[in-house]
**Student:** 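Pasting a structure here, questions to come.
Computed over heavy atoms, backbone and side chain alike; hydrogens, waters and symmetry mates excluded. Atoms within each ligand, like the ligands themselves, are counted from 1 in listed order.
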Amino acid sequence: MRGIIVISCRHCGFVYTQGSSSVTVYDNFSLEVGAGECLALIGPSGCGKSTLLAMLAGLRPPIRGSVVINGRAVASPRLKTGFILQEYGLFPWLTVEGNIRLGLRIRGTDIRQEQPRIDALLDELDISVTKKRYPSQLSGGQRQRVALARVLILDPDLLLMDEPFSSLDALTRESMQQLLLGIQKNHHLTTILVTHSIEEAVLLGTRILVLTAMPAQIAGEIANPLAGSPGYRASEEFFLQTRRVRALLGKSPGTDPTPAAAHQETEGGPAHA
Ligand code: ADP
Ligand code: MG
């Protein structure tokens, strides 16, 4: 059961215009995401995944159609939407704690009152020891944990993630994937995760949506109720799901899996020569 619909993208159109040329990324695109889902979005490079997240975040409103979240049209960034980018977006001149406090300060929150929540979050994300350090003194995994803490302190109900783990090494990526599973549960988040890794989509997405090349449409979707369950990564069903996703990507014209994605698909999973 998908539960009540929280996000609805209805007949959306989106065009980038540069001088006299224009690129139609979406033309009559519709999507619904239910409360508590982790929707994994995968599709050819340049098909419009990041643009879709920006539309849902209210950063790039559609030129036609509408984005509605919890019954309200989204035309500008929404307070309860958290956005995590691949490149972390931390401020290098602020410490870890300073970065986490910033959003609270902007919202005019009393920091002293929030300090116990900040400390609990640092603890949950296992970055307490880094709190006085600057981003340049952190590993990639730690930076992504700080980026998560900075968003979670604002108590979002929706987490949009754009290839958040793609620049991390394989082991760090696996620990971040586990961390995300725990966070989704603890913070009751609905998540949309863009990834170029078929394995990551199957591991984390309770539903996997495969997009076509531009103007992007839904090539197909796969229910994946075992996402996040213990031992799933090593199971036969996991392997079958990766094959289903790959088949849908194969049908999608313009699919050009990057070498990185092709490499990841063979990592860590069951032997599938
Ligand atoms: P993805 O995230 O799936 O790789 P994007 O959403 O970033 O794709 O981009 C979709 C298409 O729009 C691509 O062809 C890209 O070149 C183009 N595009 C992205 N951002 C801009 C921009 N700011 N101006 C013009 N074209 C853009
Ligand atoms: Mg992108």
**Student:** How far is atom 8 (O) of ligand 1 from its nearest protein heavy atom, and which residue and atom is that?
**Tutor:** G48 N, 3.2 Å

**Student:** Take the Mg ion (ligand 2) and tell me which protein N, O or S atoms are nearer than 2.8 Å.
**Tutor:** S50 OG

**Student:** Return yes if some donor-acceptor pair links the side-chain N/O of T24 with the main-chain N/O of V15 below 3.5 Å, else return no.
**Tutor:** no

**Student:** If you measure every N/O of S45 against every N/O of ligand 1, is any gap under 3.5 Å?
**Tutor:** no

**Student:** Side chains of Q137 and V96: closer than 4.5 Å at any heavy-atom pair?
**Tutor:** no

**Student:** N/O of C47 under 3.5 Å from N/O of ligand 1, yes or no?
**Tutor:** yes

**Student:** Write out the residue and atom name of the closest protein heavy atom to atom 27 (C) of ligand 1, then the distance separating them to 0.1 Å.
**Tutor:** Y16 CD1, 3.4 Å

**Student:** Under the ring pair (Phe, Tyr, Trp, His ring centres under 6.0 Å) definition, can you give me all pairs with a residue in residues 99-158, not counting sequence neighbours?
**Tutor:** none

**Student:** For Q142 and R145, which I'm curious about, is there any donor-acceptor pair between the side chains at under 3.5 Å?
**Tutor:** no

**Student:** Could you tell me whether E124 and R117 make a salt bridge, using a distance below 4.0 angstrom between a side-chain N and a carboxylate O?
**Tutor:** no

**Student:** Could you tell me which atoms of ligand 1, counted from 1 in the order shown, lie closer than 4.0 angstrom to a heavy atom of M214?
**Tutor:** 11 (C), 14 (O)

**Student:** Which side-chain N or O atoms in residues 103-113 pair as donor and acceptor under 3.5 Å with protein atoms at least two apart or in another chain?
**Tutor:**
{"unit_1": "R107", "atom_1": "NH2", "unit_2": "L79", "atom_2": "O", "d": "3.1"}
{"unit_1": "T109", "atom_1": "OG1", "unit_2": "L104", "atom_2": "O", "d": "3.3"}
{"unit_1": "D110", "atom_1": "OD1", "unit_2": "R112", "atom_2": "N", "d": "3.0"}

**Student:** Is atom 21 (C) of ligand 1 less than 4.0 angstrom from at least one protein heavy atom?
**Tutor:** yes

**Student:** Mind checking ring pair (Phe, Tyr, Trp, His ring centres under 6.0 Å) for Y16 and listing every partner two or more places apart, or none if nothing turns up?
**Tutor:** F14

**Student:** Once you restrict to heavy atoms under 4.0 Å, what part of T51 touches ligand 1? Side chain, backbone, both or neither.
**Tutor:** both

**Student:** Specify the protein heavy atom at minimum distance from atom 7 (O) of ligand 1: its residue, its atom name, and the distance to 0.1 Å.
**Tutor:** S50 CB, 3.7 Å

**Student:** Will you find, in the side chains of Q115 and R101, an N or O donor that is under 3.5 Å from an N or O acceptor?
**Tutor:** yes

**Student:** I'd like to know whether E199 forms a side chain to side chain contact (heavy atoms under 4.5 Å, CB included) with Q177, so could you lay out the CA-CA distance, the side-chain angles of the two residues, the decisive distance to 0.1 Å, and finally the verdict.
**Tutor:** CA-CA 11 Å; E199 282 219 330; Q177 289 164 342; over 6 Å; no

**Student:** Only one of L180, D157, I183 forms a side-chain contact (heavy atoms from CB on, under 4.5 Å) with L189, so which one is it?
**Tutor:** I183

**Student:** For atom 15 (C) of ligand 1, what's the nearest protein heavy-atom neighbour? Residue, atom name and distance, please.
**Tutor:** G46 O, 4.9 Å

